[in-house]
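Notes for the one structure printed next.
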Amino acid sequence: MVQVVQFFEAKEKCWVLTTDRTAYVLGLTANGRLEHRYWGERLPRPADYPGPGERKASYAVESQMLPFDEYPAWGGFLYKEPCLKVTFADGVRDLALVYSHQRQEIGQEGLPVLVITLKDNYYPLEVDLHYKVVPQCDLIQRWAVIRNTGQEWLDLEAALSAAWQLPSLRDGSYRLTHLSGRWNSETQVRQTVLTDGRKTVESRQGLTSAEANPFFAIDILAPDGTRASEEVGQVWFGALGWSGNWKIAVDHVSDPARAYVAGGINDFDFRWRLNPGEEFVTPPFVGGYTAQGFGQASRNLHLYQLDYLLPRSHAKQFRQVLYNSWEAVTFDVTEEKQLQLAERAARLGVELFVVDDGWFGQRHHDRAGLGDWYVNPEKFPRGLDPLIDQVHELGMNFGIWVEPEMVNPDSDLYRMHPDWVYHFPHRSRSERRNQLVLNLARAEVAAHIYAWLDSFLSKHKIDFIKWDFNRPIAEAGWPAAPLEHQREVYVRHVQAFYDIVEQLRARHPAVVWEVCAGGGGRADLGALARFDQCWVSDNTDPFDRLQIQEGYSMAYAPKTMMAWVSSSPTSQHINNEALHLRYRFHSAMTGSLGLGEDLTRYTEEQIAEAATLVAEYKTLRHIVQEGLLYRLNSPRTGDLAAVQYVSRDQRESVVFVFLHSQHYWQAAPRVYPRGLDPAGYYRIEGIIGEEAKTVSGQSLMRVGLQSNLDGHFGSALIKLTLG
Ligand code: GLA
């Protein structure tokens with residue numbers, strides 16, 4: 001085990017958590033409070049870090065506006081975002097947490113975990129702060145367990161996972177990078193300079209949401225204008241593992257400037273009754289520091305997902321090239337049509353054939369059928385198995401779409417159990433896409449969902465499930481529950497969702513799972529701990545996708561990023577017809593490749609070209625899916641975008657270059673690969689109009705590459721192989 005937790009002061013307890021390049025330091029104050037002391041570059045000796053009280057002195061003022069408490073609980077002079085807020089049974093709402101004890105454990109994958117227990121200095125409440133250290137990824141995964149050790153109830157009104165404190169600034173400002181968007185334009189990169197006050201990114205929708213994503217990165221804008229870039233500069237960043245209501249709040253004060261980031265389950269419309277002996281476990285919040293810019297921050301998060309977070313059963317396998325029939329047929333799913341598509345898909349080299357929405361109940365459109373998960377007998381008169389068998393005979397795996405948490409009012413399930421959806425008495429039940437959300441907080445609802453999926457997976461030879469969630473929660477009422485439990489619904493929903501998926505995975509370990517929520521509404525580390533891959537956006541326009549995928553890659557590994565080569569025009573009415581098939585493939589090949597076109601419309605020539613591109617993807621997916629990502633040129637900032645993947649041993653690399661438009665006959669800008677072995681010689685293949693040649697890694701990184709792209713919407717795939 002790597003010695004990552006060092007004690008260097010016995011009397012005045014202090015913890016130095018070290019990763020390969022970073023350190024995170026905590027200590028006790030004279031009155032027994034746990035204070036944060038340092039988060040940044042790893043220093044040579046424990047004594048180099050700020051000691052007790054030193055940090056305060058270094059800030060010149062004792063600011064009450066931002067706490068130094070490691071896990072600030074509401075009480076006393078705390079005015080900023082608290083991690084914890086409670087009401088005790090006697091009405092007291094003030095918390096005073098002091099250090100109690102600590103222990104160290106070995107967690108999953110052999111990673112060391114430090115657990116520091118705080119307790120209220122009067123009331124029977126304890127908080128275990130967990131720090132799982134991931135040395136190679138320079139990350140710390142934090143979560144809290146809050147325990148009622150008394151004889152009476154208490155209510156949690158806020159129970160965040162962690163607070164991250166940034167170093168104080170004498171000059172310059174903090175810049176926040178976050179991801180936001182909407183349906184069809186998820187994970188857009190947004191940047192803003194922090195000024196005094198609070199900036200909150202959050203979801204109150206009951207799911208992670210397309211509008212905001214639980215990721216943050218903060219860098220420093222120096223007075224001379226320098227700031228972190230993809231490759232250099234200090235960046236503090238984090239991502240939260242929760243697929244329901246969440247928030248990340250950044251508090252900022254000046255003179256000197258300080259920033260503090262608190263995040264976890266959203267306390268909006270939240271309350272959790274903790275009865276005697278019960279505990280509440282917050283979701284994990286992973287944080288990291290790097291001096292190598294946003295690129296390294298992303299690579300650290302990616303490696304963490306690949307090596308530790310993604311479900312271990314399929315983590316080491318490649319994501320299969322899939323075909324999904326949604327854009328080709330929407331709800332018009334029949335055995336005959338699916339088979340036609342499957343035959344075509346097999347000819348292209350597709351490995352996984354997925355039947356999307358429309359195969360069940362009376363699901364001829366989005367107005368009926370959700371909730372009735374029987375195979376539609378008109379569409380599949382012989383049942384599902386003949387299609388499954390034929391897909392298997394064609395040499396492909398078989399996958400299917402489900403949306404288990406939803407119901408159409410026009411369904412047998414809803415007619416039988418109208419009280420199973422979220423609702424308030426005397427209020428309307430607001431529909432979105434003609435559907436309502438099942439209340440998974442109700443044990444019988446969760447049990448029903450688990451039972452039908454378990455029997456469905458037991459009955460049929462299904463290799464893959466795409467799990468969708470197509471609307472936010474509204475009117476989150478649970479009238480049958482005791483009043484004191486009614487605001488637990490948002491959290492209980494996610495807990496039940498996770499629980500069902502975990503149980504199903506355990507019972508059906510061969511099945512591969514994809515998470516989806518009306519596009520990319522459930523892209524988060526909580527989902528990626530339970531699903532093997534993620535549907536990133538319903539927008540399959542290859543040009544728009546470059547931007548969506550760039551944002552997604554800030555936090556999430558390319559292996560998890562499903563990208564389809566879309567129809568022309570797509571079902572989203574975006575006319576891609578003008579775009580070359582190769583361009584569309586290249587855009588989708590920067591993640592895990594899928595196809596969504598109506599393949600029956602493909603000409604023989606298109607089939608041949610697509611088959612070649614699928615085969616090419618298979619030769620390089622080990623680099624894309626397992627390697628290190630370098631964002632060379634952002635699609636946001638110029639006419640040319642480029643993204644590069646390098647195998648971890650630096651022997652192979654692939655650079656995708658996209659030229660959106662060319663002006664005035666100007667040559668496309670050069671691209672400068674990164675992450676190569678400077679002393680090695682790489683064979684370069686794929687430069688338009690040029691024979692393969694061999695160039696040193698140093699030259700490639702310093703002199704760059706000219707892709708020779710011209711015109712509009714051109715793309716190149718350049719392979720670099722160490723000789
Ligand atoms: C959502 C998904 C799509 C598709 C449809 C089916 O929008 O994001 O990929 O599965 O639902 O209704």
Any donor-acceptor pair under 3.5 Å from Tyr645 side chain to Thr590 backbone | yes
Basic-acidic side-chain contact under 4.0 Å: Arg648, Asp307 | yes
Distance flag, aromatic centroids of Trp39 and Tyr260, threshold under 6.0 Å = no
His178 and Phe215 aromatic centres sub-6.0 Å = no
CZ/Arg631 to CD/Glu231 distance, rounded to the nearest 0.5 angstrom?
-> 9.0 Å
In short, Leu240 meets Gly264 closest at the heavy-atom pair CD2-O, 3.6 Å
Ion pair check, Glu405 and Arg522, cut-off under 4.0 Å | yes
Is it true that Glu35 and Arg33 make a salt bridge, defined as a side-chain N closer than 4.0 Å to a carboxylate O?
-> no
Carboxylate-amine/guanidinium proximity below 4.0 Å for Lys119 and Glu126 | no
State the OG-CG distance between Ser653 and Leu722, to the nearest 0.5 angstrom.
-> 10.5 Å
Just by distance, do the side chain of Ser298 and the backbone of Met554 share a donor-acceptor pair under 3.5 Å?
-> yes
Do you see a donor-acceptor pair shorter than 3.5 Å between the side chains of Asn397 and Glu351?
-> no
What are the two closest non-hydrogen atoms of Ala159 and Ile146, and how far apart are they?
-> CB-CD1, 3.7 Å
For the pair Arg492 and Asp499, find out whether any cationic side-chain nitrogen is under 4.0 Å from an anionic carboxylate oxygen.
-> no
Check: Thr87/Glu157 side-chain N/O donor and acceptor closer than 3.5 Å = yes
Could you go through residues 508-515 and list every donor-acceptor pair under 3.5 Å that involves a side-chain atom there, pairing it with any protein atom two or more places apart or in another chain?
unit_1 : atom_1 : unit_2 : atom_2 : d
His508 : NE2    : Asp454 : OD1    : 2.7
Trp513 : NE1    : Val511 : O      : 3.4
Glu514 : OE1    : Gln533 : NE2    : 2.8

Does the side chain to side chain contact (heavy atoms under 4.5 Å, CB included) test come out yes or no for Leu129 and Trp143, once each step is laid out?
-> CA-CA 6 Å; Leu129 301 179; Trp143 70 99; over 6 Å; no
Rounded distance (nearest 0.5 Å) linking atom CG of Leu160 with atom CZ of Phe270 | 9.0 Å
Hey, are Arg271 and Glu488 close enough for a salt bridge, meaning a charged N less than 4.0 Å from a carboxylate O?
-> no
For the residue pair Thr290 and Arg21, confirm or rule out a side-chain donor-acceptor distance under 3.5 Å.
-> no
Would the Tyr174 and Trp236 ring centres measure less than 6.0 Å apart?
-> no
Step by step, work out the ring-ring contact (aromatic ring centres under 6.0 Å, His included) result for His36 and Tyr24.
-> CA-CA 8 Å; His36 177 81; Tyr24 189 94; 4.9 Å; yes
Quick one: does Asp94's side chain have a donor or acceptor within less than 3.5 Å of a partner on Gly76's backbone?
-> yes
Looking only at atom types and distance, does a side-chain atom of Asp251 sit under 3.5 Å from a main-chain N or O of Glu81, one as donor and one as acceptor?
-> yes
Are Asp128 and Arg147 within salt-bridge range, i.e. N to O under 4.0 Å?
-> yes
Start with the C-alpha distance between Leu17 and Ile140, add both sets of side-chain angles, then the distance that settles side chain to side chain contact (heavy atoms under 4.5 Å, CB included), and finish with yes or no.
-> CA-CA 9 Å; Leu17 301 169; Ile140 298 177; 4.2 Å; yes
Any donor-acceptor N or O pair under 3.5 Å, side chains His130, Glu105 = no
Ring pair (Phe, Tyr, Trp, His ring centres under 6.0 Å) partner of Tyr498, chosen from Phe531, Trp242, Tyr450 = Trp242
So which heavy atom on Ala73 is nearest to which on Pro82, and how close?
-> C-CB, 4.4 Å
Return yes if some donor-acceptor pair links the side-chain N/O of Arg319 with the main-chain N/O of Asp532 below 3.5 Å, else return no.
-> yes
Using a distance-only test with no angle check, is there a side-chain donor-acceptor pair under 3.5 angstrom linking Trp15 and Gln102?
-> yes
Any cation-pi pair here, Arg299 with Tyr630, using under 6.0 Å and within 45°?
-> yes
Test: Lys316 and Glu626 ion pair at under 4.0 Å = no
Any luck finding a side-chain donor-acceptor pair between His302 and Gln305 under 3.5 Å?
-> no
Paired with Asp267, the salt bridge (Lys or Arg N to Asp or Glu O under 4.0 Å) test is passed by just one of Lys85, Lys247, Arg487, namely Lys247
Has the side chain of Asn266 got a donor or acceptor atom that lies under 3.5 Å from a matching backbone atom of Ser203?
-> yes
Evaluate side chain to side chain contact (heavy atoms under 4.5 Å, CB included) for Val261 paired with Phe216, printing each intermediate quantity in order.
-> CA-CA 9 Å; Val261 185; Phe216 78 91; 3.9 Å; yes
Just by distance, do the side chain of Tyr38 and the backbone of Leu26 share a donor-acceptor pair under 3.5 Å?
-> no
Do Arg530 side-chain atoms and Gly526 backbone N/O form a donor-acceptor pair below 3.5 Å?
-> yes
Which of Asn275, Leu125, Val86, Leu154 passes side chain to side chain contact (heavy atoms under 4.5 Å, CB included) with Asn148? Answer is Leu154
Short side-chain to backbone donor-acceptor contact, Ser592 and Lys559, under 3.5 Å | yes
For Asn213 and Tyr556, run side chain to side chain donor-acceptor pair (under 3.5 Å): C-alpha distance rounded to whole Å, both residues' side-chain angles, the deciding distance at 0.1 Å, then the answer.
-> CA-CA 11 Å; Asn213 190 274; Tyr556 310 111; 2.5 Å; yes
Hey, are Tyr308 and Gln141 close enough side-chain-wise for a donor-acceptor pair under 3.5 Å?
-> no
How many angstroms lie between OH in Tyr304 and SG in Cys137, if you round to the nearest 0.5 Å?
-> 9.0 Å
Does Arg273 CZ have over 12 foreign heavy atoms under 6.0 Å away?
-> yes
Looking only at side chains, do Arg42 and Thr19 share a donor and an acceptor under 3.5 Å apart?
-> no
Ignoring hydrogens and geometry, is there a side-chain-to-backbone donor-acceptor pair from Asn245 to Gln205 under 3.5 Å?
-> yes
Pair Val646-Gln644, side chain to side chain contact (heavy atoms under 4.5 Å, CB included): steps then yes or no = CA-CA 7 Å; Val646 183; Gln644 181 198 6; 3.4 Å; yes
Minimum heavy-atom separation for Ala523 to Thr208, with atom names?
-> O-CG2, 3.7 Å
Aromatic contact, Phe497 with Trp467 (centres under 6.0 Å) | yes
Indicate yes or no: does Arg142 engage Glu70 in a salt bridge with an N to O separation below 4.0 Å.
-> yes
Would you please say whether a donor-acceptor pair under 3.5 Å links the side chains of Glu152 and Tyr123?
-> no
Check Gln320 against Arg621 and note the closest heavy-atom contact, atom names and distance.
-> CA-NH1, 3.9 Å
Closest non-hydrogen atom pair between Leu207 and Ala517, with its separation = CD1-CB, 3.7 Å
In this structure, CD of Glu278 is separated from CG of Leu156 (nearest 0.5 Å) by 10.0 Å
